[in-house]
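This report refers to the structure that appears directly beneath it.
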Amino acid sequence: MHKRSGGDVVQSAFSIGSAEFKNRVLVASGTFGYGDECTDAVDIAQLGGVVTKSLSMKPRDGNPPPRIVETTGGMLNSIGLANIGVHRFIAEKMPFLRTVDVTLIVNIAASTVDEYCAVLDLLEGEEGIDGYEINISCPNVKEGGLNFGTNCQMTSEITRRLRARTKRPLFIKLTPNVTHIADFARAAADEGADAVSVMNTLIGMAINARTRRPILSTVTGGLSGPAVKPVALAKVYEASRAVKIPVIGIGGITNGVDAIEFLLAGATAVQVGTANFLDPAAGVRVAREMASFCEEQKVSDMSTLVAALDARTGVSVLDSWL
Ligand code: RRO
């Protein structure tokens, strides 16, 4: 809850299954490490939640450099799922994370369905984890990643297998690199997902014309940042109209008004990603700015903004896909 002038408060807390969130801004996977790196720059207890970098069973070094490049209004990455692996996460990161009063969502990536299950099984033994975000949408790995996220049957199967193993909230993180994201949101919802996170990065590339070479070592990478926000809004709009479970909006959010736009499009909450690279406190600022916007607009409960878009003025081409 955020204090409004006059002692009132803007209601911003919400819950998904057993997970309670203090406000509607989480930090996005891959942009905030494991939640323990930026503690002098930001009080993470003021966030709605932290989503960890994707964890696989074994540690991974990721792709060779260059693996990040700035682009107009955004950035491309080809990190390649570099991470410390689930065992080191449990041993080295969980003891600290359990001491912080913040909702913790652990993101899981894998190259087989069995690996997703095995990583989740290990995390199930850990107290202090409030939910899981399942990454079926990494654009930068050969096995798993987009092969899962662009296949509706795989989306269903992964959700079904994981749902059977946990009562904790399960978010499925979807890729925008499909024609109809509504089909994937439905596949996850039908198998018992508690929410879908929309969206992961868009496949893009950058070229150095003088060397005639691609800039990233893997040629293509994942585009994020303000450049993708209009795409993300449309994907959230489409997905949220296809399912009853919450949609978590992600894509180029840098301020409170951006975040409010995602709520209006149909998101229950948002994640701030690329903006964390400029300022690790961006998420906390966005949460504060959302509350100020509500105060200014005399909105006392943020939930009233969710899917409150007034689309009377037009019919979207998306409507015919639902
Ligand atoms: O690590 C990455 O290259 C990466 C991942 Br796992 C992801 O889900 N999305 C992205 O843009 N990069």
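Any value given below was found using the heavy atoms of this structure, including those in side chains, with hydrogens, waters and symmetry copies removed. Counting starts at 1 for both ligands and their atoms, in listed order.
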| Residues Thr31 and Asn276: side-chain donor-acceptor under 3.5 angstrom | yes
| note | In this structure, atom 11 (O) of ligand 1 is nearest to the protein heavy atom Thr201 OG1, 2.7 Å
| query | Of the listed options (Pro139, Cys138, Gly204), which comes nearest to atom 6 (Br) of ligand 1 when hydrogens are ignored and any heavy atom counts? | reply | Cys138
| message | Could you work out, for atom 7 (C) of ligand 1, the closest of Asn83, Asn200, Thr175 by heavy-atom distance? | response | Asn200
| query | Do Met94 and Leu104 touch side chain to side chain, with heavy atoms closer than 4.5 Å? | reply | yes
Looking only at distance, does [X] have an N or O less than 3.5 Å from an N or O of ligand 1?
| X | answer |
| --- | --- |
| Ser137 | no |
| Ile79 | yes |
| Leu81 | yes |

| query | In chain order, what residues pass the side chain to side chain donor-acceptor pair (under 3.5 Å) check against Lys93, with sequence neighbours excluded? | reply | Asp36
| field | For Asp183, side chain to side chain donor-acceptor pair (under 3.5 Å) partners two or more places apart | value | Arg186
Salt bridge or not between [X] and [Y]? Use side-chain N to carboxylate O under 4.0 Å.
| X | Y | answer |
| --- | --- | --- |
| Asp101 | Lys22 | yes |
| Lys229 | Glu261 | yes |
| Asp190 | Arg160 | no |

| Should the proximity of Lys53 to ligand 1, defined as any heavy atom under 4.0 Å, be assigned to the side chain, the backbone, both, or neither? | side chain
With heavy-atom distances below 4.0 Å as the criterion, list the atoms of ligand 1 near [X].
| X | result |
| --- | --- |
| Asn140 | 2 (C), 3 (O), 4 (C), 12 (N) |
| Asn135 | 6 (Br), 7 (C), 8 (O) |
| Gly80 | 1 (O), 2 (C), 3 (O) |
| Asn77 | 2 (C), 3 (O), 4 (C), 10 (C), 11 (O), 12 (N) |

| For Glu124, the option from Arg168, Arg165, Lys167 that meets salt bridge (charged side-chain N to carboxylate O under 4.0 Å, His left out) | Arg168
